[in-house]
Q: 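If you scroll down you'll find the structure; I have some questions about it.
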Amino acid sequence: MMFYVWMVIKLVTGFAFIITYLNVSGRSQFSQMNAIDLVGNFILGGLVGGVIYTTAIPFYKYVLALLIGISILLTLNVFCRKFNLFRNVTIGRQIPIIKNGRFIMKNILNKNNKIDMINISSQINLQGIYSFDEIQFAQIEPNGSVTAICDKNKLPSVIVCYQGTIREDDLEDTNHSRDDLINDMKAHGIEDVDDVFLGEFHQGHFKYVCKDGTIRPTRAALNKR
């Protein structure tokens with residue numbers, strides 16, 4: 001009887017730890033999870049499933065193992081938010097494959113990207129696009145989906161700064177340097193990059209969402225250019 005009581009206690013404890021981790025990390029839905037979360041959930045699930053049926057592992061060691069696993073996952077997620085290089089390695093970044101109606105062969109033929117054009121063709125067909133000739137811009141997102149745009153006036157923005165950290169690789173895709181970005185910030189009254197929550201490049205202009213909630217430059221200021 002005690003075996004089943006301890007099994008229930010371990011199972012409830014495991015559920016409590018995993019649900020707490022999902023809430024603390026902000027991953028309350030599967031659609032919000034990244035590769036680190038997915039692998040981590042398999043590990044935590046395996047840990048819970050492997051321990052509840054055995055009495056060889058003391059309860060305190062089981063709890064300690066859960067704490068260690070969750071701590072590692074939370075640390076990795078913090079690194080992903082703070083360090084672009086770490087995020088690119090563990091989760092990946094968007095890969096442009098078509099720009100201004102021209103294929104970016106360097107990205108497509110790069111073996112590290114593992115791009116399957118047959119699969120991409122199927123994905124754009126599902127979006128109602130039946131020929132690559134119609135596409136002005138296309139990129140593969142970190143989750144493997146494809147964004148394809150036929151109207152060159154509706155190209156997506158490029159995130160060049162996030163939570164005070166400049167995303168060097170994405171900034172390079174806009175054909176601008178770090179100095180260009182910083183000078184543009186100063187021109188709009190932003191003296192420190194740490195004051196920027198989100199910076200994007202869209203339709204030839206940089207735009208910033210500051211940590212105080214304001215947006216610079218305003219739409220009215222852009223219309224005057």
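Scope of the values below: all heavy atoms of this structure, side chains included, with no hydrogens, waters or symmetry mates.
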Q: Do other residues, nucleotides or ligands put more than 12 heavy atoms under 6.0 Å from the CG atom of Asp151?
A: yes
Q: Between NZ of Lys207 and CG of Asp184, what distance do you get to the nearest 0.5 Å?
A: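 One gets 12.5 Å once the value is rounded to the nearest 0.5 Å.
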Q: If you count every heavy atom of other residues, nucleotides or ligands that lies below 6.0 Å from Lys186 atom NZ, does the total exceed 12?
A: no
Q: Answer yes or no: is there a donor N or O on one side and an acceptor on the other, between the side chain of Tyr62 and the main chain of Lys10, under 3.5 Å?
A: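 Yes, Tyr62 side chain to Lys10 backbone: donor-acceptor pair under 3.5 Å.
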Q: Report the C-alpha separation of Ile149 and Ile135 in whole Å, then their side-chain angles, then the decisive distance to 0.1 Å, and conclude whether the side-chain contact (heavy atoms from CB on, under 4.5 Å) test is met.
A: CA-CA 6 Å; Ile149 299 173; Ile135 300 174; over 6 Å; no
Q: Suppose clustering is done on Ile, Leu, Val, Met, Phe, Trp and Tyr with side-chain heavy atoms closer than 4.5 Å. Which residues sit in the same group as Leu126?
A: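 When side chains under 4.5 Å apart are linked, Leu126 ends up in no cluster with other residues.
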Q: Side chains of Asp195 and Tyr208: is there a donor and an acceptor less than 3.5 Å apart?
A: no
Q: Is there any ring-ring contact (aromatic ring centres under 6.0 Å, His included) pair reaching into residues 122-156, and which pairs are they, with sequence neighbours excluded?
A: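 Passing the test, one end in residues 122-156: Phe103-Phe132.
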Q: If you round to the nearest 0.5 Å, how far is CG of Leu109 from CD1 of Ile104?
A: 12.0 Å
Q: Nearest 0.5 angstrom please: Thr75 OG1 to Ile70 CD1, how far?
A: 11.5 Å
Q: Kindly compute the distance separating CD (Glu191) from CD1 (Ile182), expressed to the nearest 0.5 Å.
A: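 It is 11.0 Å, given to the nearest 0.5 Å.
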Q: Any sub-3.5 Å donor-acceptor pair from Glu141's side-chain atoms to Ile95's backbone N or O?
A: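 Judged by distance alone, no pair lies under 3.5 Å.
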Q: Does anything in residues 102-126 pair up under side chain to side chain donor-acceptor pair (under 3.5 Å), and if so which pairs, sequence neighbours excluded?
A: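 Output for this query is empty, none listed.
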Q: Sequence neighbours left out, what pairs pass side chain to side chain donor-acceptor pair (under 3.5 Å) with at least one residue falling in residues 152-176?
A: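 Found Asn88-Asp169, Arg93-Asp170, Arg93-Asp173, Gln94-Asp170, Ser157-Glu200, Arg167-Asp170, Glu168-Arg178, Thr174-His176.
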Q: Applying ring-ring contact (aromatic ring centres under 6.0 Å, His included), can you list everything that pairs with Phe79, at least two apart in sequence or on another chain?
A: Phe83, Phe86
Q: Are a donor atom and an acceptor atom from the side chains of Asp212 and Thr214 found within less than 3.5 Å of each other?
A: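 There is such a pair (donor and acceptor under 3.5 Å, judged by atom type) between the side chains of Asp212 and Thr214.
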Q: Using side chain to side chain contact (heavy atoms under 4.5 Å, CB included) as the criterion, list what pairs up with Val63, not counting sequence neighbours.
A: Thr13, Phe17, Phe59, Leu67
